[in-house]
Amino acid sequence: MRLSGLITGDRKPLVEWRASHISDPVERLRYLRAATDHAPRPKRRLLVRLPRNWRAYTPLILLGLVFVPGPSTSGSVTVDRPLPLPQRDAHPWTAAVPNVWLVEKAALYETYSNGLRIETQYTAGHRPRKPFPGYSGNLDRPAVRWLSEPRGIVFHTTESLIVPFEPGRTREMLRLGRGLLDYVKSIHAYHFLIDRFGRVFRVVPESDVANHAGPSVWADPENAYVGLNESFLGVAVETQTGEEQTASSGQIHSLRILTEMLRAKYKIPMGNCVTHAQVSVNPGFMKIAYHTDWANRFPYLEVGLTDNYALAPASVAVFGFEYDQVFLQVMSGEPWKGLLRAREQVRQQAAAAGVSVVRYKSALEQRYRKLAAALAIPAATGEKAHANE
Amino acid sequence: MRTNDTALGLDVGTSRIVKAERSGEEYKYSSELNAFVTIPYSKITAGVLEREGIPHSVENGEIVVQGNESEKFADLMNAEIRRTMTSGVLDAKEPESLTQIGRLIESLVGKGKGAKLCFTVPAAPLGHEKNLTYHEATLKQVLGDLGFQAKAINEGQAVVYGELESTNFTGIGISCGGGLCNVCVSYLSVPVMSFSVPKAGDYIDHSAASITGERANRIRIEKEQSFHFNGHYADKVHQVINVYYDDMIRTLVTGLREAFANSRNLPKMNRPVPVVLSGGTALPKGFRDRFETILREQTFPVQISEIRMAANPLHSTAKGALIAALSD
């Protein structure tokens, strides 16, 4: 048994992603064998190679140089500034909430006024949602509000086995879908799953917690949230994140009407409907996008939302996380517009506080670590028993 | 894209030897029955065999017919075919095994001239430390003498390479052959667990033969040509074959379950993994459904995304060996 060469942790998603884009089986196997070879070898080109359109990253790279931490910082940094939450007047926070209501509730399904039908035969209760904290106020002395209703939606891809969407593969797709539903039900992975045909299944009741987000952060104009399993609902689409849009039109339609219903039911602002990649973090290395599902190509506009890739990710703007080369590779040359904005916000906040960016980011990091410790969020992400944690 | 189309894949099974080669994007296969029969020498017969290109040799005043035609000659001469292998490895009790498998392999692959070749070897039976060194080393020597750069690959792993490209070679490959069922759990192309189960096609044939009083060869022909898992069996032979198939599948599933339970170092699969079934013994209609029913009777330690038949169950192992050879 050879285990030494297995890929774990941060490299695994990238290796899998790269391998899945190699069409020739021989080349793919060659790549994977090289990637899993544990023997000492020269530095990988992958780590030093710039993306083809590297010029597009120039502003990020230059900002990165500004943000490189110094050789030593003091153990504790105090910066008494307000938590840099998003501004209230932007459209994602002010847009009207849709009006959708429950029409019929039967033993195995529910229907809603916007045409949404939710299948409930795979629903299984999990742990009821406990009151969770929303943070506001000052960086060093945040005010805590205890909340109980879901505050947002995290969109996931199942990254499960996908066969071509063709009439001849219908039985296979149905079989795969059933297997997937059994699996996500057994680990309480999401609140909702949308299968290949756009059918919406409730897997975990909204009143309960699903294991969907892992270490994660987000913020709206009222609060910052740490650990979104408690505070956000998880909606998964049976598809994979890829270079092209892989969600079917049926799935996108269902995403739209399910999002409408959830926004109506819980008064969720558009800006709190975001993808797993946007909220997922790796606390061990203070890096963003530990999970990369829907890192790009989430059809925000088709789902009836604003383009939330343009929002400054709270991981960077509020808690001082950083991106890395792996993230840039996964983004295939299209980093979120909001990322640059978040880094600019950090620079401005540091200037306003009269401290260096390094010192200010240390303060943000310490704030995150204290909040995460209070919520018992693990410092390191690694292989976990469940898909998304 | 870097390709080396001169490489070969060779599935050396108890029942058949299958060669895979690639020409451009196309895979090509040829196979021979891994068996031989001895018939009395006559000039006419030798001439006919020569003309028809049937693999044979003249030894000690007899004609030895190897491969696919051996079965027909055995029928004609009312003789038993002889096999070079048993239970997945070279048969130590067959004095001609080494010579005949050498001839069979040469008739399939010819001379190597330094080409790469991957050949399949079985995994050790579950719970036993079966010594497979002799088998592997002998085949390597035979292939080396033919001029190949030969390398062994686990049979279950070859199934994974041949069939599970879509999951980055992560999943469970199962080859149900004549002598053994070989299983390999692979994670991103790395074999993390492999074992074999000594119940396979031959076990079904011999067990059913002993119950029904038929010859094992007749059972095999019935099994391959008309048996299917539909719950209604027209005759006793089919009924008995069904019983032993069930026994084989249950042993295989139990073995899988135990192997997972006893293995401490398996990586955590962060998503359901597929199971792919291949090999001649998996061919009867309904085999996949029966396997799935038995597998899902109890909870399985790993989440399974799907259980499917290989696209070409008789060739997938050889294809996987070829992909391994090409990627070296």
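Hydrogens, waters and symmetry mates play no part in the numbers below; they use all other heavy atoms, side chains included. Below, chain A is the first sequence line, B the second, and so on; all start at residue 1.
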CG of A:Asp24 to CD1 of B:Ile323, rounded to nearest 0.5 Å, is 8.0 Å
B:Pro284 meets the side-chain contact (heavy atoms from CB on, under 4.5 Å) criterion, sequence neighbours left out, with B:Phe227, B:Phe229, B:Tyr245
By side-chain contact (heavy atoms from CB on, under 4.5 Å), B:His315 pairs with (sequence neighbours left out) B:Val18, B:Tyr29, B:Asn312
Correct closest heavy-atom pair for B:Gln303 and A:Ser186 would be NE2-OG, 3.8 Å
Shortest non-hydrogen pair, A:Pro25 vs B:Tyr27, comes out as CG-OH, 3.6 Å
Contact list (residues 168-178 of chain A to chain B, heavy-atom gap under 4.5 Å, by number) returns A:Glu172, A:Arg175, A:Leu176
If one checks every heavy atom of B:Ile307 against chain A at 4.5 Å, the contacting part turns out to be backbone
Do B:Arg22 and A:Val26 make a side-chain contact, defined as non-hydrogen atoms from C-beta onward lying under 4.5 Å apart? yes
Residues of residues 155-168 of chain B with a heavy atom under 4.5 Å from any heavy atom of chain A, in residue-number order, are B:Tyr161, B:Glu165, B:Ser166, B:Thr167, B:Asn168
Highest number of heavy-atom pairs under 4.5 Å with chain B among A:Val184, A:Leu161, A:Val163 belongs to A:Leu161
